[in-house]
Student: 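Below you'll find the structure I mean.
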Number of protein chains: 2
Amino acid sequence: MGDELFKALADPTRRTILDELAERSGQTLFEICTRLNMKHGIGMSRQAVSQHLAMLEAAGLVRTRREGRYKFHDLDTTPLRRIHERWPGSQTSEKDS
Amino acid sequence: MGDELFKALADPTRRTILDELAERSGQTLFEICTRLNMKHGIGMSRQAVSQHLAMLEAAGLVRTRREGRYKFHDLDTTPLRRIHERWPGSQTSEKDS
DNA sequence: ACAATAGGCAAGTATCTACTTGCCTGTCAA
DNA sequence: TTGACAGGCAAGTAGATACTTGCCTATTGT
């Protein structure tokens, strides 16, 4: 349990995808592919990116909504909270400026 | 960069080691081995656990201090903060009860 | 000194993971 | 309806990762 979350975060490409979705929410698979290629020099097949997105979705980090032939991807960071709940002391202090 | 942190967290045995160090700080390799075995039924060679500890140390999640023939391991959760700094919105609200 | 204890190094193996390629399905515009 | 576009499924492959075994070093107690 929680295994999928940490597995999802383990890959650098997947973390970059999360970065992209954090910057612009609701992107399609092709948009993400293009951005990975343009902005990060990641020349990866569409299939590979699709598989990464599936893992991110399985981890609950990405939510999807289908509209016609498009599938939009949105970031959901709430699963990350479990990390801090598990190992307290890792939270940014509530009293910091 | 930051790669070692996520790689370190990716393995369930390593996460259990972090749990154990969170519960009792300053354990030796043998103590950790025993606890993994007794409390979690993980019958793993001493070498395997040692390698896991090395990865956790490389990620900055574990700090070590040597005293004679003993090597004590301490948890350091500060690297985890980078996760929330990278994807904001994942922090537990400061205003929650 | 010697045996026991705590730990480290290195090489081998077996499984897992990322990525590819080829083909198939569903949606939309002309 | 036909072609183009967005996406999905499945099998194969190369490289990474977890774990083991065997041997070596350093510290400590008797």
Side-chain angles (χ1 to χ4, degrees), chain A residues 1-21 24-38 40-59 61-74, chain B residues 1-21 24-38 40-59 61-74:
Chain A
M1 191 167 133
D3 204 67
E4 289 174 317
L5 171 64
F6 294 102
K7 284 249 166 101
L9 290 171
D11 186 85
T13 303
R14 285 196 286 272
R15 294 195 297 273
T16 304
I17 291 173
L18 293 181
D19 290 339
E20 283 306 314
L21 289 178
R24 182 198 278 199
S25 204
Q27 294 187 67
T28 67
L29 172 59
F30 275 78
E31 285 174 318
I32 294 167
C33 284
T34 304
R35 281 181 152 235
L36 287 177
N37 202 339
M38 299 286 100
H40 302 95
I42 300 175
M44 195 173 288
S45 75
R46 177 181 53 85
Q47 231 49 31
V49 177
S50 178
Q51 285 165 14
H52 283 311
L53 285 168
M55 290 191 199
L56 289 170
E57 193 175 2
L61 289 165
V62 164
R63 298 204 155 270
T64 60
R65 52 197 154 92
R66 197 117 205 198
E67 284 179 28
R69 61 177 155 175
Y70 299 102
K71 190 180 183 185
F72 301 106
H73 301 263
D74 300 287
Chain B
M1 189 169 137
D3 204 67
E4 288 174 318
L5 171 62
F6 295 103
K7 285 248 167 104
L9 290 172
D11 186 85
T13 302
R14 286 195 287 272
R15 294 195 298 272
T16 304
I17 291 173
L18 293 181
D19 290 339
E20 283 306 313
L21 290 177
R24 181 198 279 198
S25 203
Q27 295 187 67
T28 68
L29 172 58
F30 275 78
E31 286 174 316
I32 295 167
C33 283
T34 305
R35 282 182 153 236
L36 287 178
N37 201 340
M38 297 288 100
H40 303 94
I42 299 175
M44 196 174 286
S45 77
R46 177 181 54 85
Q47 232 49 30
V49 177
S50 178
Q51 285 164 14
H52 283 311
L53 284 168
M55 290 191 200
L56 290 169
E57 192 175 4
L61 288 165
V62 164
R63 298 203 155 270
T64 60
R65 51 198 156 91
R66 201 135 201 180
E67 284 179 29
R69 62 177 153 175
Y70 298 101
K71 191 181 184 186
F72 300 105
H73 302 264
D74 299 287

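Here is how names work: the chains are called A, B, and so on, in the same order as the sequence lines, proteins then strands, and each is numbered from 1. Side chains are part of it too, since the values below use all heavy atoms of this structure and drop only hydrogens, waters and symmetry mates.
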Student: Which residues satisfy the side-chain hydrogen bond (donor to acceptor under 3.5 Å, both in side chains) test with A:Asp74, sequence neighbours excluded?
Tutor: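 Partners of A:Asp74 under the side-chain hydrogen bond (donor to acceptor under 3.5 Å, both in side chains) test: A:Ser25, A:Arg65.
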Student: Rounded to the nearest Å, what distance is computed from the CG atom of residue A:Leu53 to the P atom of nucleotide C:dC19?
Tutor: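 Going from A:Leu53 (CG) to C:dC19 (P), I get 12 Å.
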Student: Measure CZ/A:Arg69 against P/C:dT27 and give the value in whole Å, please.
Tutor: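 After rounding, the reported distance stands at 11 Å.
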Student: Pairs of donor and acceptor atoms involving the side chains of residues 49-59 of chain A, under 3.5 Å and at least two apart or interchain, shall be tabulated with distances.
Tutor:
from	atom 1	to	atom 2	distance (Å)
A:His52	ND1	A:Arg14	NH1	3.0
A:Glu57	OE2	A:Thr64	OG1	2.9

Student: Where is the tightest heavy-atom contact between B:Lys7 and A:Ala10, given as atom of each residue plus distance?
Tutor: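 Scanning both residues completely, I find the closest heavy atoms to be CE-O, 4.3 Å.
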Student: Which heavy atom in B:Glu20 sits nearest to a heavy atom in B:Gln27, and how many Å separate them?
Tutor: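 Where B:Glu20 meets B:Gln27 most closely, the heavy atoms are O-NE2, 3.3 Å.
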Student: Got a list of protein N/O to nucleotides 11-15 of chain D N/O distances below 3.5 Å?
Tutor:
none

Student: For nucleotides 22-25 of chain C, list the nitrogen or oxygen atoms of the protein found under 3.5 Å from its nitrogen or oxygen atoms, one pair per line.
Tutor:
none

Student: Output the rounded distance in Å from CZ (A:Phe6) to C1' (C:dT17).
Tutor: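 Atom CZ in A:Phe6 sits about 19 Å away from atom C1' in C:dT17.
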Student: Check the phosphate of D:dG8 against A:Ser50, side-chain N and O only, distance under 4.0 Å to OP1 or OP2. Yes or no?
Tutor: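 For D:dG8, OP1/OP2 do have a side-chain N/O of A:Ser50 under 4.0 Å.
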Student: Expected output is a numbered-order residue list: members of residues 7-14 of chain B with a heavy atom under 4.0 Å from any atom of DNA chain C. What is it?
Tutor: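 Per residue number, the list is empty: none.
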Student: Between B:His73 and B:Ile17, does the side-chain contact (heavy atoms from CB on, under 4.5 Å) criterion hold? Intermediate values first, please.
Tutor: CA-CA 10 Å; B:His73 302 264; B:Ile17 291 173; over 6 Å; no
Student: Measuring from B:Leu18:CG to B:Arg15:CZ, what's the distance to the nearest 0.5 Å?
Tutor: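 The CZ atom of B:Arg15 is 9.0 Å from CG of B:Leu18, to the nearest 0.5 Å.
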Student: Quick check on DNA chain C: between A:His52 and B:Lys71, whose nearest nucleotide comes earlier from the 5' end?
Tutor: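 The residue closer to the strand's 5' end, by nearest nucleotide, is B:Lys71.
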Student: Applying the side-chain contact (heavy atoms from CB on, under 4.5 Å) criterion to A:Thr16, which one of A:Leu36, A:Asp11, A:Leu21, A:Ile32 satisfies it?
Tutor: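 The passing option is A:Leu36.
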Student: Rounding to an integer number of Å, can you tell me how far B:Ile42 CD1 sits from D:dA18 P?
Tutor: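 Rounded to whole Å, this separation is 13 Å.
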Student: Take A:Arg35 and A:His40, measure what side-chain contact (heavy atoms from CB on, under 4.5 Å) needs, and give me the verdict at the end.
Tutor: CA-CA 7 Å; A:Arg35 281 181 152 235; A:His40 302 95; 5.8 Å; no
Student: Checking side-chain contact (heavy atoms from CB on, under 4.5 Å) for the pair B:Arg46/B:Phe30: CA distance, chi angles, key distance, verdict?
Tutor: CA-CA 7 Å; B:Arg46 177 181 54 85; B:Phe30 275 78; 3.4 Å; yes
Student: Rounded to the Å, how far apart are A:Tyr70 OH and D:dC5 P?
Tutor: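 Computing the A:Tyr70:OH to D:dC5:P distance gives 10 Å.
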Student: It should be established whether A:Ser45 places a side-chain nitrogen or oxygen under 4.0 Å from OP1 or OP2 of nucleotide C:dC19.
Tutor: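 So the side-chain polar atoms of A:Ser45 never come under 4.0 Å of the phosphate oxygens OP1 or OP2 of C:dC19.
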Student: Please find the pair of heavy atoms, one from A:Thr28 and one from A:Tyr70, that lie closest to each other, and give the distance.
Tutor: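 So the two residues come closest at CG2-CD2, 4.1 Å.
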Student: A:Arg66 CZ to D:dG7 P: how many Å, rounded?
Tutor: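 So the CZ-P distance, A:Arg66 to D:dG7, works out to 7 Å.
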Student: Identify, residue by residue, the members of residues 28-37 of chain B with a heavy atom below 4.0 Å from DNA chain C, and return them in order of residue number, or none.
Tutor: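 Close to the strand are B:Thr28, B:Leu29, B:Phe30.
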Student: Report the C-alpha separation of A:Leu9 and B:Leu9 in whole Å, then their side-chain angles, then the decisive distance to 0.1 Å, and conclude whether the side-chain contact (heavy atoms from CB on, under 4.5 Å) test is met.
Tutor: CA-CA 9 Å; A:Leu9 290 171; B:Leu9 290 172; over 6 Å; no
Student: Would you kindly compare A:Glu67 and A:Met44 by the position of their nearest DNA chain C nucleotide and give the one closer to the 5′ end?
Tutor: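 Nearest-nucleotide comparison on DNA chain C picks A:Met44.
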